[in-house]
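Chain A is the first sequence line, chain B the second, and so forth, proteins listed ahead of strands; every chain is numbered from 1. These numbers come from a predicted model, not from an experiment.
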Amino acid sequence: MGSSAPHDAHFESSDPPQLEQNRASPVFAVPHAAHVSISASLGPFRRLRAMSMPEKPSLDGLEAKWGERWEADGIYRFDRTKTREQIFAIDTPPPTVSGSLHLGSVESYTHTDLIARYRRMRGDEVFYPMGWDDNGLATERRVQNYFGVRCDPSIPYDPGFDISTLERPDDRPVAVGRTNFIELCGRLTVEDEKAFEVLFRRLGLSVDWLQTYTTIGEVSQRASQRAFMRLVGKGLAYTAEAPTMWDVDFRTAVAQAEIEDREIAGTYQRIAFDLEDGDGRIEIETSRPELIPACVALVVNPDDPRYASVVGKVVLTPVFRVPVPVVAHELADPEKGTGAAQVCTFGDVTDVVWWRDLKLPARVIVRRDGTLAAGHFGEPGWESRDPEAANVAMAQLEGKAAKQARKQIVELLRDGGWLVGEPEPVQHMVKFYENGERPLEVISSRQWFVKTLELKDELLERGRQISWHPGFMGARYASWVEGLNQDWALSRQRYSGVPFPVWFPLDDAGEPVYDDPILPEEAALPVDPQNDVPPGYTAGQRGAPGGFVGDPDVMDTWATSSLTPQIAGRWEDDPDLFERVFPMDLRPQAHDIIRTWFFYTVLRAHLEHDSLPWTNAAISGFVLDPDRKKMSKSKGNVVMPTEVFEKHSADAVRYWAASARLGHDAAIDEQQMKVGRRLAIKILNASRFVLSMEAAPGPITQPLDRAMLSTLAGVIDDATVAFDAYEHSKALAAIETFFWGFTDDYLELVKQRAYGAAGPEAAGSAVGALRAALDLLLRSFAPFLPYVTEEVWSWWREGSVHRAAWPASTEASDAAGPDRDPGVYEVAAAVLSAVRKEKALAKVSLKTPVDSVTVHDTQDRLRLLSRASADLREAGSIRAIDQEEADTFSVDTVLAEPDPPPEPATPLEPA
RNA sequence: GGGCGCGUAGCUCAGCGGGAGAGCGCUCGCCUCACACGCGAGAGGUCGCAGGUUCAAUACCUGCCGCGCCCACCA
């Protein structure tokens, strides 16, 4: 599927995990000359101060401290002098600022940041902008609710308008003019955007905050208007009067992508249509009997023998007595209902297909607000055998919404004897606007469309060219494209959004000439046709016969959002930048907007640039409310991001997010955040311990030290491979598992030696290995836990860990030197663990001395063990370790009698 | 109706052809000189069900069952 499609991104996972060696920090090969001299010459207190390492490290305050420093130092600043090959460009999702930011966003934005930080450490110059989606219906609704206003375009602009002094006499929304309304939108979204930025900064997103844009901003308006004009120029965008899905509450057209199915209660009525020749009746079933006055035909399947004899005949509609033909069409399903269906203008999308294919007339009775219009029976196009009765019946329906009209007509049908049997209640699927409350109607209106249907195959191919992470998400895209059934309805009869850069000339009668739209010069963009005057006209000609009128609509919010790569890349406004970032490398997003943001972005890049907008897609799953899965807690406990930041720290929340794989849903899990917090604290404490060792780091000579670093080299390889495959959770798990073993086993094993128990040389090896490992571990954890790693890094390293190189396994293996069998570490840890177990079972303190330990194991492993036996004896307070060859590993431990005299430290055995 | 994903310890999940794992929770123990915001340990699972392939299946194939999501012209 998508993942096997050809691509030429420069960071593919087939790359070996070796890195840009020139970028690796020159750490332990020549071990910190400057630092060593400090250690050697000063006491521990002075040394701590020199390293500015706190006595009692804490997570408190790290977010404020490093958030400021990163911004002040420009750590995440994008360097636009880099070439396209050096740049990794991310098409960041612009969140809808009129919604609230919840943990789902926190999760997926963290996923993006993990990739950004990893790529940056791998040496890429990361282009990581941030956008705010602040146009569209969500903004309008928030402004309406927040200020208690509604938009009335007929009210002229009031420059002195002041919302704070606005009076609401009866607590109802106050009407304000269009421009004032849009100004309120702008005012509120600015506030919302500030709040979002605060939250995102706290989360530690490594975006370059200089690279921000808003979808209602001038750059976005110019880009969307320009792109739209070019589509018009190529004949790919067109205006047409056509039946379109329509929300009767928002009173706007909506596109297929914004439609969702919902199951609602309805009723099927069986209704009889009389054949005009008097030769019987045809029964149909419908859930929308109120549309009978709009019925223009009955349709049956051409192969349905039951109806073969009536095709071509004429029936009279019940109540209204309108003669309509019986026609045949393949889409008529013999299995459904009676096998015959009424065709109305328009009940649903299938009606539109029949209407179009069979070239039927239109009798429209649904108004834009969803109420039924008056009939015109007896007039042309509204023929009836009994127009008087039809109009009387229609008058009873007029002005009623669908539901009420339905009740009414059922009575009329029953009275006239057309109702067959009793209405049958059913649950059925009905189309809704995703933000809507009532079922969509199909209403004919003039809209702008973008051609998409004829591009299906090309768009499917584009989908196959993208590397999807995880791969199966490509199927979502494909099934969406395959299911497209209408061109993209681009216009919205709303106010908040990018206006169409279009005027229409008015003919002598003052009617718009839609076939001859007037477009501005590109240089004049952005324009507002409601305020701006088209070229060649004067302001006084607005609305006058022979003059012009501005297109009153705004574009679908996705018309702008689908251009985020172009907007962030400053397409045409800054061609140099655009060249360096487009097509981008990565689109990160959640799976719910594949049909919208993802699809439209692919479409726009295909149409405008004949290319993909990006080469990789990282698709996050959903975050599930824990309450929804389990028994609901008595409180409606909504977990807010700020709360969990306070409670667990940003690093801890990131840890939770990073634990979730791409493409898989995750539950909100505060336990997991606690684990993350514990990990962060552990990193602080373990680091402080490692860095407070008094012995000078020296050459790494001891077998256990070499084995540990050798093990770490393998871990780094695993993590690197995982990251390259967009499996950040796997990378984290590998690093974390090693780290806990590092603190629990390795630190314990070498602690005494590092203190000098086996002499300065052996101590130097331990301290050298500890510091080498710490350096590598901090860099490995840096993408996940940016705050705590930066804090520790600052204690002893120059610069930011987030500008350091991602660790290379060769750094660890080179530091380990030759003769670095990781088995030494593994066996020593296993024996230490077995001894601890004995002590735990005996319920004695871990410092309880052990008289003797007998290790049974294979010859090879025993040989490895003996190379670490001195460390093992120190760590477990073991007097003697005996070995016995055996097939399977086991340990016999003889604990010392209580109160034994302390043993002197044993000299280190030769390796 | 079609497609995708998931069903492994109480919970969240990893493993995906040869020993059933982690963390949390639970139980027991330890003030061990980095960390009690800590440390050590233990109990706990017929790896959804049924077939098949294989010397060997939790893992591969087929079919069921259950959960979730996506898509569908749902009269």
Side-chain angles (χ1 to χ4, degrees), chain A residues 1 55-59 261 263 266 268 284-288 291 298-299 329-333 336-344 347-354 426-431 470-485 591-592 594-595 621-622 624 626 629-630 648-649 656 659-661 663-672 674-675 677-693 729-730 733 736-737 740 743-744 747-748 751-752 755 832-833 835-848 875-877 888:
Chain A
M1 303 273 330
E55 207 48 55
K56 191 88 177 156
S58 158
L59 298 179
D261 292 341
E263 193 174 62
Y268 282 150
I284 62 134
E285 268 188 12
T286 181
S287 57
R288 301 207 59 186
L291 292 180
L298 293 191
V299 64
H329 193 280
E330 283 155 10
L331 276 184
D333 185 349
K336 279 177 189 156
T338 64
Q342 63 171 350
V343 181
C344 303
D348 62 20
V349 179
T350 316
D351 280 344
V352 177
V353 174
W354 283 325
V426 290
Q427 290 292 117
H428 62 153
M429 297 299 254
V430 176
K431 291 191 185 307
F472 64 79
M473 281 295 175
R476 299 265 177 112
Y477 172 88
S479 69
W480 170 252
V481 175
E482 281 162 4
L484 284 174
N485 60 27
H591 63 69
D592 56 326
I594 287 175
R595 56 149 69 177
F622 260 0
L624 304 173
K629 303 185 78 179
K630 304 174 191 168
H648 307 290
S649 84
W656 159 74
S659 302
R661 286 184 295 168
H664 291 83
D665 295 346
I668 295 173
D669 186 355
E670 292 205 55
Q671 287 298 339
Q672 191 70 356
K674 283 185 189 170
V675 174
R677 180 179 175 84
R678 184 179 306 182
L679 173 63
I681 292 171
K682 193 75 175 178
I683 289 172
L684 286 177
N685 286 318
S687 301
R688 199 185 88 89
F689 181 50
V690 166
L691 295 175
S692 61
M693 291 294 178
S729 60
K730 204 185 235 180
E736 188 191 3
T737 301
W740 284 111
T743 59
D744 295 344
L747 271 175
E748 294 302 325
K751 195 187 276 189
Q752 296 304 322
Y755 285 148
L832 178 63
S833 184
V835 172
R836 279 184 197 139
K837 180 174 174 174
E838 282 303 316
K839 293 180 180 179
L841 290 175
K843 302 192 174 180
V844 297
S845 161
L846 283 179
K847 66 181 180 185
T848 304
S877 307
T888 54

Roughly how far apart, to the nearest Å, are [N] and [M] at atom [atom1]?
| N | M | atom1 | value |
| --- | --- | --- | --- |
| B:C13 | B:A9 | P | 12 Å |
| B:C24 | B:C60 | P | 29 Å |
| B:G66 | B:C39 | P | 45 Å |
| B:U54 | B:G44 | C1' | 32 Å |
| B:A57 | B:C16 | C1' | 10 Å |
| B:C71 | B:C61 | C1' | 27 Å |
| B:G40 | B:U32 | P | 14 Å |
| B:G48 | B:C67 | C1' | 11 Å |

Apply side-chain hydrogen bond (donor to acceptor under 3.5 Å, both in side chains) to [X] and list each qualifying residue two or more places apart in sequence or on a separate chain.
| X | answer |
| --- | --- |
| A:Glu285 | A:Arg270 |
| A:Arg836 | A:Asp745 |
| A:Asp261 | A:Lys431 |
| A:Ser659 | A:Gln672 |

Taking side-chain contact (heavy atoms from CB on, under 4.5 Å) as the test, write out the residues that go with [X], two or more places apart.
| X | answer |
| --- | --- |
| A:Lys839 | A:Val835, A:Val844, A:Leu846, A:Val850, A:Leu895 |
| A:Gln427 | A:Glu263, A:Ala265 |
| A:Arg661 | A:His664, A:Ser729 |
| A:Ala340 | A:Ile282, A:Ile284, A:Val300, A:Tyr307, A:Thr338 |

> For RNA chain B, whose closest nucleotide is more 5', that of A:Asp744 or that of A:Ser659?
Replying inline: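 Comparing both residues, the 5'-ward one is A:Ser659.
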Scan [X] against the nucleic acid and name what it touches under 4.0 Å (heavy atoms): base, sugar-phosphate only, or nothing.
| X | value |
| --- | --- |
| A:Ser729 | nothing |
| A:Trp740 | sugar-phosphate |
| A:Ala686 | base |

>> Nearest to the A:Lys682 side chain among B:G5, B:C35, B:G15, which nucleotide is it?
In response: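 Nearest nucleotide to the side chain: B:C35.
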>> Check the phosphate of B:G42 against A:Lys837, side-chain N and O only, distance under 4.0 Å to OP1 or OP2. Yes or no?
In response: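 Answer yes for this pair, as a side-chain N or O of A:Lys837 is under 4.0 Å from OP1 or OP2.
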Rounded to the nearest angstrom, tell me the gap between atom [atom1] in [X] and atom [atom2] in [N].
| X | N | atom1 | atom2 | value |
| --- | --- | --- | --- | --- |
| A:Glu748 | B:G38 | CD | C1' | 12 Å |
| A:Asn685 | B:G38 | CG | C1' | 9 Å |
| A:His664 | B:C13 | NE2 | C1' | 11 Å |

Can you tabulate the close N/O pairs, meaning under 3.5 Å, that link protein atoms to atoms of nucleotides 25-30 of chain B?
| unit_1 | atom_1 | unit_2 | atom_2 | d |
| --- | --- | --- | --- | --- |
| B:C28 | O2' | A:Lys843 | NZ | 2.9 |

Please report the interatomic distance [atom1]([X]) to [atom2]([Y]), rounded to the nearest 0.5 Å.
| X | Y | atom1 | atom2 | result |
| --- | --- | --- | --- | --- |
| A:Ser58 | A:Asn685 | OG | CG | 10.0 Å |
| A:Trp354 | A:Glu330 | CH2 | CD | 12.0 Å |
| A:Trp656 | A:Ile668 | CH2 | CD1 | 6.0 Å |

> If the sugar-phosphate is the primed atoms plus P, OP1 and OP2 and the base is the rest, what is the B/S/- string for nucleotides 69-75 of chain B, using protein heavy atoms under 4.0 Å?
Replying inline: BSSBBBB
>> Using a 3.5 Å limit on both distances, find every run of at least three consecutive Watson-Crick or G-U pairs that involves RNA chain B.
In response: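 Correct response: B:1-7 with B:65-71, B:10-13 with B:21-24, B:26-30 with B:38-42, B:48-52 with B:60-64.
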> By ring pair (Phe, Tyr, Trp, His ring centres under 6.0 Å), which residues pair with A:Phe622, not counting sequence neighbours?
Replying inline: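 Ring pair (Phe, Tyr, Trp, His ring centres under 6.0 Å) list for A:Phe622, sorted by chain: A:His591.
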